[in-house]
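Within every chain, numbering begins at 1; the chains are lettered A, B, ... in the order of the sequence lines, protein sequences first and strands thereafter. This structure is a prediction, so every number in the text was calculated from the model and none was measured.
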Amino acid sequence: MRGSGKIPRSAVFRPPAANILPMKEHLQELLASALERVLADAGAQQAPAIQLDPTKDRKFGDFQTNLALQLAKPLGRPPRAVAEALVRALPPSPRVARVEIAGPGFINFFLADAAFQSVVADILDLGERYGRDDSGGKGRILIEFVSANPTGPMHVGHGRGAAYGDSLANLLAATGWTVWREYYINDAGRQVDVLTVSVWLRYLECCGEPVTMPRRGYPGDYLKASAQRLFDAHGRAFHVPAARVREGLPEESVAPDDASEAQLAAAKASQEAHLDALIARARALLGVHYATVQRLALDDQLAAIKSTLDAFNVRFDQWTSEKALVDGGFVARALARLKEKGLTYEKDGALWMRTQAFGDEKDRVLIKADGTATYYCNDLAYHIDKLDRGWPLLLDVWGADHHGYIARVRAAIEALTGRKDALNVQLIQFVTLSSGRMGKRSGNFVTLQDLIDEAGTDATRFFYLTRSHDQHLEFDIDLARSQSTDNPVYYVQYAHARICSVFQQLADKGGHWDAQAAKLTLHRLTNTHEKALLTLLGRYPETLQRAAASYAPHTLVFFLKDLAEALHGYYNVHRFLVEDDPELQSARLALIRATAQVIRNGLRILGVSAPEKM
RNA sequence: GCCCUUGUAGCUCAGUGGAUAGAGCAUCCGCCUCCUAAGCGGAGGGUCGCAGGUUCGAUUCCUGCCAAGGGCGCCA
């Protein structure tokens with residue numbers, strides 16, 4: 001999302017040693033000097049900002065600037081003439097091999113080989129720290145993601161949020177942020193009662209009762225395991241004849257296939273009414289045991305979620321329970337603060353929050369007329385708590401369907417803290433499956449655990465992260481679980497494995513390679529494949545910075561694909577083990593060792609393994 | 001109706017105020033006596049949804065229109 005929650009970019013990244021960024025600054029200094037002279041000669045003073053960018057095509061050199069194009073109009077001279085004047089005024093530099101004027105007036109810089117080669121030495125020295133900023137100095141940020149309701153297994157949509165949130169957290173941690181990862185457990189509210197009743201009905205089945213599941217309950221088979229556990233642990237202690245459960249409950253009506261919207265709404269209302277009555281009946285019949293059933297149902301679902309996330313290589317620093325916030329008085333205290341500030345009022349028997357005064361479309365209900373808190377109320381208290389715990393920036397990863405919810409949470413935070421920019425929300429667009437259906441209530445869907453079981457964590461995570469998070473994603477299950485060439489994750493992993501294999505070959509032949517000695521041979525890296533690889537390696541640090549600044553791990557995925565492509569192309573054309581030229585061999589091994597290091601560093605941020613053999 | 005997002009190759013998607021708009025898959029043609037062929041090279045394939053505007057320059061920024069998805073609860 002654009003706007004108020006954006007992380008400030010004030011902290012300029014300083015790479016640990018000479019590579020692309022200082023080079024860019026160096027060229028900008030040269031250009032600034034030339035610009036000053038050209039402007040003085042022309043008697044002008046208004047100087048445009050110098051735009052200097054990496055080139056897309058090697059034939060345009062390594063960096064290009066459109067400065068002459070920008071100056072053409074104010075100076076009243078043709079762009080190419082301005083470019084020539086600028087180039088003449090450029091101070092000489094040993095790091096620049098040559099400068100060319102091309103196209104309508106672009107100035108292209110070709111760098112000296114040595115300017116690229118040194119990155120290999122940096123990578124060999126820094127190892128897994130290359131490209132990283134572990135200082136934590138940019139600030140503290142709390143990222144909340146997944147937070148799937150503990151009422152059933154996670155589906156492919158949750159998987160996307162998990163892969164995205166975890167990788168983004170890694171990315172932020174790798175670019176100077178102090179990061180805390182949190183999962184908000186929605187273990188309070190009506191949905192939990194629906195879960196409880198659904199499990200209890202399955203339990204009654206275990207007792208031999210003929211039960212019909214309510215149409216808007218949770219019908220999935222996964223609850224049968226919880227029911228069985230309940231039965232095993234407590235026997236028939238919670239048994240009630242099905243007839244007594246059903247007695248006097250309002251009937252569910254079903255809309256016909258060609259129902260109008262009004263008919264559909266009426267049917268839905270009757271089904272919800274039935275469900276509410278069933279919940280009330282369960283509470284009445286079970287008494288204190290209701291909580292026992294509920295606890296077991298929740299624990300089972302949460303355990304399944306934790307197990308899946310663990311398999312998916314996703315870790316959290318903290319799991320925050322909604323119920324614990326309520327029971328611990330956090331919600332009450334948040335409400336008291338709102339009331340104290342005059343931000344609430346009562347209307348129609350409910351308590352409202354004045355969110356409209358802070359940019360929301362309308363005011364929102366905190367406490368319903370029946371005395372219970374809205375989801376919003378508890379979530380608001382949770383966000384206040386996160387801030388109270390000393391995290392000045394909150395980053396929430398939500399499904400795109402929560403879009404309309406952002407304004408009210410931000411409004412509440414602003415109302416209490418005066419800060420508009422404390423909350424940043426990244427919305428994950430929907431995931432569709434290339435085949436099959438999703439939906440918890442259908443009882444028949446592809447779970448995240450299914451994907452992990454069939455495709456593996458690496459392929460699944462990589463597939464999710466190949467698309468920008470704010471774009472719709474079509475998850476091709478067959479492709480993700482294919483062990484074939486088609487699967488994109490192998491392309492990158494294979495590059496890493498190939499490099500490892502080269503070093504294995506070297507060892508098998510009794511050869512040696514020494515990193516320190518190799519640093520003195522880097523001047524031998526001069527062909528086009530080597531230059532391409534060197535250029536990419538040098539761009540890794542800024543790739544991380546850019547990916548983090550735009551909350552876009554997929555940028556890193558594309559970078560790693562490019563890097564793997566450069567390696568594979570190099571591999572196919574040149575031999576690395578060149579027995580008759582030890583110096584060249586040493587230099588090439590240094591280059592591919594550095595490449596393997598960067599691939600490993602990047603994959604680690606994505607939560608994907610870098611196998612040494614495939 | 002109002003708000004948000006999206007529209008780029010047959011399919012799935014990157015990308016950018018600049019030079020000839022890219023990748024994977026699919027189709028076709030080549031490359032293993034040699035470090036892993038899960039690889040490499042090449043070919044075909046495009047009105048960057050449509051129309052205006054800003055600009056030296058727009059696929060990119062702005063406006064309108066068309067189309068798709070989502071959101072507009074005292075649900076979570």
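- Residue A:Glu361 is in sugar-phosphate contact alone, with no base atom involved, counting any heavy-atom pair closer than 4.0 Å across all strands shown.
- Among the protein residues, A:Ala102 comes within range of the nucleic acid bases, having at least one heavy atom under 4.0 Å from a base atom.
- Look at the P atom in both B:A23 and B:G41: the space between them is 10 Å, to the nearest Å.
- Ion pairing between a basic and an acidic side chain is recognised when a charged N comes within 4.0 Å of a carboxylate O; A:Arg216 and A:Glu252 show no such pairing.
- Using atom C1' as the reference point in both B:U20 and B:C35, the two lie 36 Å apart (nearest Å).
- Taking atom P on both B:A14 and B:G45, the two are 25 Å apart, rounded to the nearest angstrom.
- Side-chain N/O atoms of A:Asn108 and base N/O atoms of B:A19 include a donor-acceptor pair closer than 3.5 Å.
- Whole-Å rounding puts the A:Leu506 CG to B:C35 C1' distance at 10 Å.
- B:C28: glycosidic angle beyond 90° from 0, hence anti.
- By the 6.0 Å and 45° rule, A:Arg593 stacks over the aromatic ring of A:Phe503.
- The separation between A:Ile477 atom CD1 and B:U12 atom P is 16 Å, rounded to whole Å.
- With P as the reference atom, B:U60 and B:G17 are 11 Å apart, rounded to whole Å.
- When the P atom is used for both B:C34 and B:A19, the distance is 44 Å, rounded to whole Å.
- The neighbour count for A:Glu612 CD, taken as heavy atoms of other residues, nucleotides or ligands under 6.0 Å away, does not exceed 12.
- Here B:C11 sits opposite B:G24 as a Watson-Crick or G-U wobble pair (both hydrogen-bonding atom distances under 3.5 Å).
- Taking atom CZ of residue A:Phe463 and atom P of nucleotide B:C13, one finds them 9 Å apart after rounding to whole Å.
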